[in-house]
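Below: the structure, in structure tokens.
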Amino acid sequence: MRLLKVATCNLNQWAMDFDCNLKNIKESISRAKQLGAAIRLGPELEITGYGCEDHFLELDTISHAWECLKELLVGDWTDGIFCSFGMPVVRGSERYNCQVLCMNRKIIMIRPKTCLANDGNYRELRWFTAWKQKDQMVEFQLPPNIADDISQKTVPFGYGFIKFLDTAIAAEICEELFSSVTPHSQLALNGVEVFMNASGSHHQLRKLDVRMDAFRAATKSRGGLYIYSNQQGCDGGRLYYDGCCCVVINGDVVAQGSQFSLKDVEVVVAHVDLDAVASLRLSSSSFQEQASSETTVPSIVAPYKLCRSFHLEEPVSHPLKIRYHEPEEEIAFGPACWLWDYLRRSGASGFLLPLSGGADSSSVAAIVGCMCQLVVKEIDNGDEQVKIDALRIGQYPDGQYPTDSKEFAKRIFYTVFMGTENSSEATRSRAKVLADEVGSWHLDVCIDGVISSLLTLFQTLTGKRPRYKVDGGSNTENIGLQNIQARIRMVLAFMLASLMPWVHSKSGFYLVLGSSNVDEALRGYLTKYDCSSADINPIGSISKTDLRTFLRWAAVHLGYSSLAEVEAAPPTAELEPIRSNYSQLDEVDMGMTYEELSVYGRLRKIFRRGPVSMFQDLCFKWGSRMTPSEIGEKVKYFFKYYSINRHKMTVLTPSYHAESYSPEDNRFDLRQFLYNSRWPFQFRKIDELIKEANGDKALLSGLDNGDKPTGVISDDIGGMGVAAAGSGNPNVGL
Ligand SMILES: Nc1ncnc2c1ncn2[C@@H]1O[C@H](COP(=O)(O)OP(=O)(O)OC[C@H]2O[C@@H]([n+]3cccc(C(=O)O)c3)[C@H](O)[C@@H]2O)[C@@H](O)[C@H]1O
Ligand SMILES: Nc1ncnc2c1ncn2[C@@H]1O[C@H](COP(=O)(O)OP(=O)(O)OP(=O)(O)O)[C@@H](O)[C@H]1O
Ligand SMILES: NC(=O)CC[C@H](N)C(=O)O
């Protein structure tokens with residue numbers, strides 16, 4: 001037997017905070033050593049933090065990373081433990097994203113990433129070059145100050161693996177695992193038994209199974225020990241890195257860390273028998289045949305043993321059932337943890353949320369409540385760092401600390417209902433009841449006085465006073481009157497957020513939370529610079545359909561029972577007067593349902609459909625209940641409003657990135673914002689197709705929601721109901 005104990009970790013790094021990152025790295029090594037591990041793996045670019053972005057272009061960033069690495073190497077950190085550290089390295093005139101492999105105060109090898117992540121949220125090619133040379137490693141000259149201090153001048157650099165006396169180990173860096181030609185397949189045939197994947201991978205709803213399936217597939221038939229490490233938390237941007245460090249052997253998960261947590265450092269270990277890997281490989285004739293003819297990958301020798309022979313001091317790790325969160329839990333915990341990191345790192349004293357009693361702002365209130373619950377739970381579990389942060393943010397007197405989530409919420413969370421004559425008693429009271437359940441400090445204000453002052457000012461200036469449509473006003477007047485209310489709310493929200501702490505004799509400021517959802521953004525059904533313009537938004541990339549499912553879940557599982565009523569109410573902006581024969585409803589106003597918007601949103605972004613191909617897809621999907629010309633009208637209507645309002649995406653409040661259908665313009669869904677909203681060429685094509693399909697007469701039978709006409713659209717494109725994280729959702733891109 002070759003018994004090997006390995007440790008991997010989730011680290012809550014912060015881009016450019018080298019002290020914080022180094023502290024976490026040291027803590028993870030200490031714990032790995034205490035647990036008796038022979039290997040410690042950390043996340044991708046852990047020394048700088050993964051999300052440094054253009055700071056990677058600064059040479060300071062590279063030299064600080066070396067300075068931190070030197071500190072690890074001159075101390076006893078790497079004594080007796082093989083460590084992988086993630087950091088950027090400059091070689092000549094190229095910058096590489098590397099795993100630096102060290103042991104016993106020496107660098108054994110530097111492995112640059114060969115396949116960079118450059119889709120969706122990732123832009124690694126902007127900062128790094130992919131290492132392309134696969135046939136030999138090169139000699140890397142260490143920076144002089146490092147070389148002197150660790151008495152080592154050079155180190156092998158490149159693609160390859162390390163032959164220890166009792167096993168062979170290689171790095172595989174994040175995206176490489178998901179690429180078409182994976183390093184691990186070639187390395188396994190070269191005899192590599194242990195793979196160390198350092199990753200910087202963000203949370204996306206229902207994505208975890210894609211990752212877990214990849215680890216299992218990498219090792220199930222060809223055998224192998226796969227160790228995965230990831231960042232966890234908000235490292236300074238819109239992404240939440242979702243940890244889930246784990247260890248997999250021959251397709252079985254034997255250790256799995258948390259996906260959502262407030263901890264700065266989480267270390268998991270596994271104790272495995274590497275002979276199980278050798279034995280599986282030797283039982284496969286095809287593996288041996290292919291191994292015997294595989295091109296030789298460069299390797300270097302490290303004269304150390306990492307394994308122990310048979311002993312009974314500790315059992316080997318057994319296969320575990322993989323833990324997947326339900327999507328509703330993902331919506332609660334991911335944004336809650338992201339908010340906590342943001343809050344404690346921003347220097348703010350809490351959050352302020354304009355709470356309308358509607359589905360969106362109520363979801364945000366529930367997420368903040370969930371954050372408070374997690375904080376109290378973590379303090380209860382003995383997490384000192386969470387306690388220190390909570391005491392500081394909550395400004396507790398000496399000797400007191402949070403023991404109750406509602407009490408904590410009262411200190412750090414203001415909610416404010418800003419009613420007008422157009423608000424209903426139902427929404428006002430729903431806001432109040434939910435605030436009581438969550439524990440926030442709730443304010444209820446009437447802003448009619450401010451609105452009428454503005455209108456009087458306008459009248460003095462122009463001699464005219466706009467009227468609502470129901471009172472005989474034009475469309476322009478109607479929109480103008482709505483937008484005044486919406487924008488005043490934004491101004492008032494920021495005013496309260498900066499001055500309420502002063503009113504309550506507290507220091508600091510509160511961050512304003514936004515609560516617009518992805519569908520409203522996509523359709524542009526929001527006022528530019530209204531209450532959707534906030535400091536940060538935890539639900540900005542989540543669809544209304546998913547939020548409603550979340551509300552039903554949260555009513556039960558977070559204990560905020562009033563959310564069930566919030567969910568059941570029809571969505572309304574309450575910006576127009578309510579009359580016996582009129583009340584404003586979102587779906588009527590928008591000219592489409594939220595469910596339809598979800599379908600358009602997914603087809604547009606995830607399936608990269610333009611107007612014409614979206615029309616074609618929807619003919620298959622909706623063909624049994626709508627005519628092609630009806631579908632054509634719907635598609636045109638959607639694209640018209642999408643394009644008219646695309647400019648609003650340029651100023652969208654920074655949002656937690658949770659979904660691959662997000663229309664967020666700044667980092668993820670990069671598009672122009674001035675369109676010809678008549679789409680003349682595309683709409684003409686749709687008209688031609690309708691004509692060819694014989695217009696209104698052509699009804700396709702047997703093809704509806706559940707059918708998958710083109711093999712592209714899955715039947716869950718409308719929302720969360722169907723697929724949970726572990727159920728193999730085909731819609732998630734990594
Ligand atoms: N191409 C372009 N590039 C850059 N900017 C452009 C632009 N076209 C217009 N604009 C600007 O955008 C303005 C129009 O946008 P905006 O001011 O938002 O106004 P608008 O989109 O006309 O109206 C807001 C809509 O949101 C709805 N709504 C629903 C629910 C809630 C809320 C709420 O806020 O609570 C609002 C409301 O009913 C109304 O239909 C123009 O006046 C102009 O300043
Ligand atoms: N009466 C109100 N009091 C406080 N805030 C409000 C009020 N009306 C709207 N807001 C704020 O403005 C945001 C946008 O308003 P909108 O009417 O579009 O609501 P929404 O996006 O449907 O959200 P909700 O479902 O929370 O009403 C809301 O999410 C909320 O934060
Ligand atoms: N850092 C990376 O290489 C990211 C890879 C991949 N797209 C992921 O999300 O996991």
Side-chain angles (χ1 to χ4, degrees), residues 12 14 17 20 233-238 240 262 264 335-355 361 364-380 383-418 431 434-445 489-515 531 533-539 653-656:
N12 194 322
W14 191 3
D17 187 339
C20 156
C234 162
D235 81 345
R238 292 163 172 80
Y240 178 81
L262 304 186
D264 281 343
C337 294
W338 182 77
L339 282 181
W340 178 245
D341 280 340
Y342 202 99
L343 177 60
R344 70 193 178 118
R345 288 173 172 168
S346 67
S349 307
F351 293 121
L352 181 138
L353 170 71
L355 180 60
S361 47
V364 173
I367 288 168
V368 177
C370 177
M371 181 196 87
C372 295
Q373 293 183 11
L374 290 176
V375 167
V376 168
K377 197 163 142 204
E378 216 40 57
I379 293 175
D380 206 35
D383 192 307
E384 275 309 310
Q385 188 57 51
V386 175
K387 190 170 176 179
I388 291 167
D389 290 331
L391 290 180
R392 175 178 53 82
I393 297 164
Q395 302 178 31
Y396 279 86
D398 281 351
Q400 289 183 30
Y401 64 91
T403 51
D404 172 66
S405 66
K406 286 176 74 167
E407 182 277 329
F408 185 52
K410 187 71 91 214
R411 288 173 173 271
I412 61 122
F413 188 28
Y414 288 110
T415 45
V416 49
F417 183 84
M418 295 180 263
L434 177 61
D436 284 347
E437 287 178 346
V438 170
S440 62
W441 190 292
H442 188 65
L443 302 161
D444 189 329
V445 232
R489 286 190 179 123
M490 186 268 284
V491 174
L492 188 58
F494 276 94
M495 180 177 147
L496 291 170
S498 59
L499 288 178
M500 282 310 287
W502 167 71
V503 171
H504 285 145
S505 308
K506 286 183 175 181
S507 61
F509 62 100
Y510 281 59
L511 291 165
V512 179
L513 292 179
S515 54
C531 250
S533 295
D535 290 315
I536 48 172
N537 177 355
I539 62 161
T653 297
S655 307
Y656 179 101

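Annotation: salt bridge (Lys or Arg N to Asp or Glu O under 4.0 Å) contacts of E378 (sequence neighbours excluded): K263. With sequence neighbours excluded, no residue forms a salt bridge (Lys or Arg N to Asp or Glu O under 4.0 Å) with D380. Checked against ring pair (Phe, Tyr, Trp, His ring centres under 6.0 Å), F351 has no partners two or more places apart in sequence or in another chain. Here E437 pairs with S561, S562 under the side chain to side chain donor-acceptor pair (under 3.5 Å) rule; sequence neighbours left out. Scored by the side-chain contact (heavy atoms from CB on, under 4.5 Å) test, C370 finds A332, F333, A336, L374, L558 as partners (sequence neighbours excluded). Taking the side-chain contact (heavy atoms from CB on, under 4.5 Å) definition, one finds that D17 meets it with W14, D19, C20, sequence neighbours left out. Here D444 pairs with R428 under the salt bridge (Lys or Arg N to Asp or Glu O under 4.0 Å) rule; sequence neighbours left out. For C531, the side-chain contact (heavy atoms from CB on, under 4.5 Å) test picks out P354, M418, R489, with sequence neighbours left out. In this structure, the side-chain contact (heavy atoms from CB on, under 4.5 Å) partners of T415, at least two apart in sequence or on a different chain, are L353, L355, F413, A435, S440, H442. Every residue meeting the salt bridge (Lys or Arg N to Asp or Glu O under 4.0 Å) condition with D389, not counting sequence neighbours, appears here in chain and number order: R344, R392.
Smallest separation of non-hydrogen atoms from P402 and L391: CD-CD2, 4.2 Å. Nearest heavy-atom pair across Q395 and S349 is NE2-OG, 3.4 Å. A pairwise comparison of heavy atoms in A365 and L434 identifies CB-CD2, 3.9 Å as the closest pair. Contact record, A493 with L352: O-CD2, 3.8 Å, taken as the closest heavy-atom pair. The heavy-atom pair separating W338 from C234 by the smallest distance is CD1-CB, 3.3 Å.
Atoms CD1 and OG, on I379 and S405 in that order, are 11.0 Å from each other to the nearest 0.5 Å. To the nearest 0.5 Å, atoms CD1 (I539) and CD1 (I367) are separated by 6.5 Å. Distance check: D264 CG to E384 CD gives 12.5 Å after rounding to the nearest 0.5 Å.
Sorted by first and then second residue, the ring-ring contact (aromatic ring centres under 6.0 Å, His included) pairs involving residues 491-511 (not counting sequence neighbours) are Y414-H504, Y414-Y510, W441-H504. Every pair passing salt bridge (Lys or Arg N to Asp or Glu O under 4.0 Å) that includes a residue from residues 398-407 is listed here, sequence neighbours excluded: E407-R411.
With a 4.5 Å cut-off on side-chain heavy atoms, I536 and L513 count as touching. Side-chain atoms of L262 and V375, non-hydrogen and from C-beta on, do get closer than 4.5 Å to each other. The shortest distance between side-chain heavy atoms of Y342 and Y240 does not fall below 4.5 Å.
Remark: the backbone N or O of S515 is not paired with any side-chain donor or acceptor of S361 at under 3.5 angstrom. Side chain of W340 to main chain of C372: no donor-acceptor pair is present (N/O by atom type, distance under 3.5 Å, no hydrogens or angles). Listed for the D535 side chain is a donor-acceptor partner under 3.5 Å among the backbone atoms of V512.
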Derivation and outcome, side-chain contact (heavy atoms from CB on, under 4.5 Å), residues V438 and V368: CA-CA 8 Å; V438 170; V368 177; 5.6 Å; no
